[in-house]
Amino acid sequence: MEDKKKMHGTWASRWTFVLAATGSAVGLGNIWKFPYIAGENGGGAFVVVYLFCILLIGLPIMVAEVMLGRRGRLSPINSMRLITTESGLHGVWNGIGWLGVVAGLIILSYYAVIAGWALYYILEMASGSLHGATAEQASALFSKLQADPQRLIFYQSIFMLMTIAVVAGGVTRGLGVAVRTLMPMLFVLLVIVLVFSYREGEFSRGLEFLFNFNTEALSGEGVLEAMGHAFFTLSLGMGAIMAYGAYMPEHARIGTTVLAVGALDTLVALMAGMAIFPIVFANPVLEPGAGPGLLFISLPVAFGNMPGGLLFGTIFFVLVSVAAWSSAISLIEPAVAYLVESHKLNRLTANLLLGGIAWLTGLGTVFSFNIWADYKLAGFTFFDFLDFLSSSVMLPVSGMLIALVVGWYMKPGVVQEELADETPTVFNCWKTVLKYISLASVAAIFVIGIYKTFG
Ligand code: PFF
């Protein structure tokens, strides 16, 4: 195994790790999903619950995941093998690595389809076709896109090629260079859209909506949604963060690094909300609780009817695409690293193979919006089924196993050694929260989620 440890290379610095992990974390989850679920759950109170979930469930598990990766220094599958052997644990714990790798590919398969919508909207915005659009016209445009498999496949394919092109370049020259370019770009674009929203939108109404503590609109379901989303938005339980942890420099402090990633991810989600709601409120016919159509129907209408809106709308969809791109590369990397280590494939072949599998699976998602829309599996369309399987089953199960193995089963000395730079108080706090609060919460998300669906 020793020589395998050097085969992928490491991040140029701790800062590159922060950018890479933030790139993974900040994605469609922050810019598409967070604003619309916050909107559906009434805003402020949901945001507070979400922040607690990040702090008490997300960050402790993220520390555990980075720690496992850095200890193993290999793909999640082989890192887990090494760690279970070192701590004399049963091989069943290796399942954590497999779950992560497979879940990553499943998510990538549909993530590429949705990211493809964002690519399509860059062109639609730039072409001016949405100038002065009414809600009906924007809704018809979105329906037309969804009903057209060829167009969906075209954009899905472009996005998948963009993803494998980066990952084929390797850790230092591919992923590292990409995140050092894309993340500052994402931030600048977000600030530009935010300034536009401040100047042209109903900024104070947007802020009030996002930060006003309105408990009435928050249901038990909303709390559950906040918990699940905290997990998804930080890219936990899918091997992505573990794989990235494996490329972290030896002496970087995990605790503060993870804190930086969590803070940046939350900042981007809040900034996205602060940019989007004032723009939506600027148009009297639009609703903040519009659901998944918030980004692809409401916003295009809002942009299309504002001065300078087409330019800023185009910038906005470039922003969404960049965010999705830097997340997608982290979804395929764990599986690529595994094939390179264990099956002696070169990076390009591994990428083509895995990208091809994810692309093929993605066709099911494409068709679930049109020709397969009526085929249901246990009441789910193909896309809903994959989303349920990955986000509501594989992800919490993997999170529970990570909290269990790090909190309860690994040799305490090993855990302590990897986190030796933390003060004893920080270390003890983290471990206690992980062992009890994070573990119990993820278990609850899982059980209640399954019960709600099938019970
Ligand atoms: N965190 C990403 C988002 O919020 O869009 C999605 C994601 C990326 C989930 C990578 C999991 C992952 F491994």
Side-chain angles (χ1 to χ4, degrees), residues 19-38 50 53-54 57-59 61-62 65-66 68-69 75-76 96-115 117-118 159 163 166-167 175 178-179 182-183 186 190 225-246 258 261-262 264-273 292 295 319-338 354 358 386-387 389-399 402:
L19 289 180
T22 307
S24 171
V26 171
L28 295 169
N30 302 60
I31 305 179
W32 174 49
K33 196 154 180 206
F34 173 75
Y36 92 70
I37 52 177
Y50 168 79
C53 294
I54 294 276
I57 311 173
L59 295 184
I61 293 186
M62 197 174 205
E65 217 180 304
V66 174
L68 288 173
S75 69
I96 294 176
W98 281 104
L99 259 177
V101 165
V102 175
L105 289 176
I106 293 180
I107 295 180
L108 178 63
S109 78
Y110 66 76
Y111 209 77
V113 177
I114 299 178
W117 302 350
F159 186 80
T163 305
V166 169
V167 181
L175 298 152
V179 296
L182 294 180
M183 297 319 287
L186 186 142
L190 190 55
E225 198 155 14
M227 286 168 132
H229 187 63
F231 222 77
F232 183 82
T233 190
L234 292 177
S235 300
L236 298 175
M238 289 175 236
I241 293 299
M242 207 191 289
Y244 278 9
V258 162
V261 176
L264 285 170
D265 182 73
T266 307
L267 184 71
V268 173
L270 293 177
M271 281 171 76
L295 204 70
L319 162 73
V320 177
S321 308
V322 167
W325 193 12
S326 62
S327 294
I329 57 180
S330 76
L331 286 166
I332 196 170
E333 171 61 24
V336 167
Y338 172 69
L354 295 163
L386 287 192
D387 183 30
L389 181 69
S390 53
S391 315
S392 304
V393 180
M394 298 174 92
L395 203 140
V397 168
S398 167
I402 289 172

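Sequence positions, counted from 1, serve as the residue numbers for this chain. Read the numbers this way: they start at 1 and go in the same order the structure lists the ligands and their atoms.
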Inset, instruction - Select one of side chain, backbone, both or neither to describe which atoms of Ser24 lie under 4.0 Å from any atom of ligand 1, heavy atoms only. - result: both
Legend entry - Polar atom proximity, Leu234 to ligand 1 (N or O, under 3.5 Å): no
Inset, instruction - Among all protein heavy atoms, pick the one closest to atom 4 (O) of ligand 1 and tell me residue, atom and distance. - result: Ala25 O, 3.0 Å
Legend entry - Which of the ligand 1 atoms, numbered from 1, are nearer than 4.0 Å to a heavy atom of Leu28: 5 (O)
Legend entry - Any donor-acceptor N/O pair, Glu65 side chain to Ile402 backbone, under 3.5 Å: no
Inset, instruction - Could you tell me whether a side-chain N or O of Ser326 sits under 3.5 Å from a main-chain N or O of Ala323, the two making a donor and an acceptor? - result: yes
Inset, instruction - Go through the side-chain N and O atoms of Tyr110 and Ser390 and say whether any donor and acceptor fall under 3.5 Å apart. - result: yes
Legend entry - Identity and distance of the protein heavy atom lying nearest atom 13 (F) of ligand 1: Ala240 CB, 3.1 Å
Legend entry - Closest protein heavy atom (residue, atom, distance) for atom 12 (C) of ligand 1: Leu331 CD2, 3.2 Å
Inset, instruction - Would you confirm whether Tyr111, through its side chain, and Leu28, through its main-chain N or O, come within 3.5 Å as a donor-acceptor pair? - result: yes
Inset, instruction - List every atom of ligand 1 that sits less than 4.0 Å from any heavy atom of Gly27, numbering the atoms from 1 in the order shown and giving each element. - result: 3 (C), 4 (O), 5 (O)
Legend entry - ligand 1 atoms in contact with Met238 (distance to a heavy atom under 4.0 Å): 9 (C), 11 (C), 12 (C), 13 (F)
Inset, instruction - State yes or no: are the ring centers of Trp98 and Tyr338 separated by less than 6.0 Å? - result: yes
Inset, instruction - List every atom of ligand 1 that sits less than 4.0 Å from any heavy atom of Ser330, numbering the atoms from 1 in the order shown and giving each element. - result: 10 (C)
Inset, instruction - With atom 5 (O) of ligand 1 as the reference point, say which of Tyr111, Tyr244, Phe231, Trp32 has the nearest heavy atom. - result: Tyr111
Inset, instruction - Among all protein heavy atoms, pick the one closest to atom 8 (C) of ligand 1 and tell me residue, atom and distance. - result: Ser235 OG, 3.3 Å
Legend entry - Thr233 neighbourhood, listing ligand 1 atoms whose heavy-atom distance to it stays under 4.0 Å: 1 (N), 4 (O)
Legend entry - Side-chain donor or acceptor of Thr233 paired with backbone N/O of Ala230 under 3.5 Å: no
Legend entry - Main-chain N/O of Ala337 paired to Ser75 side chain as donor or acceptor, under 3.5 Å: no
Legend entry - Donor-acceptor contact present, side-chain Thr163 to main-chain Ala328, <3.5 Å: no
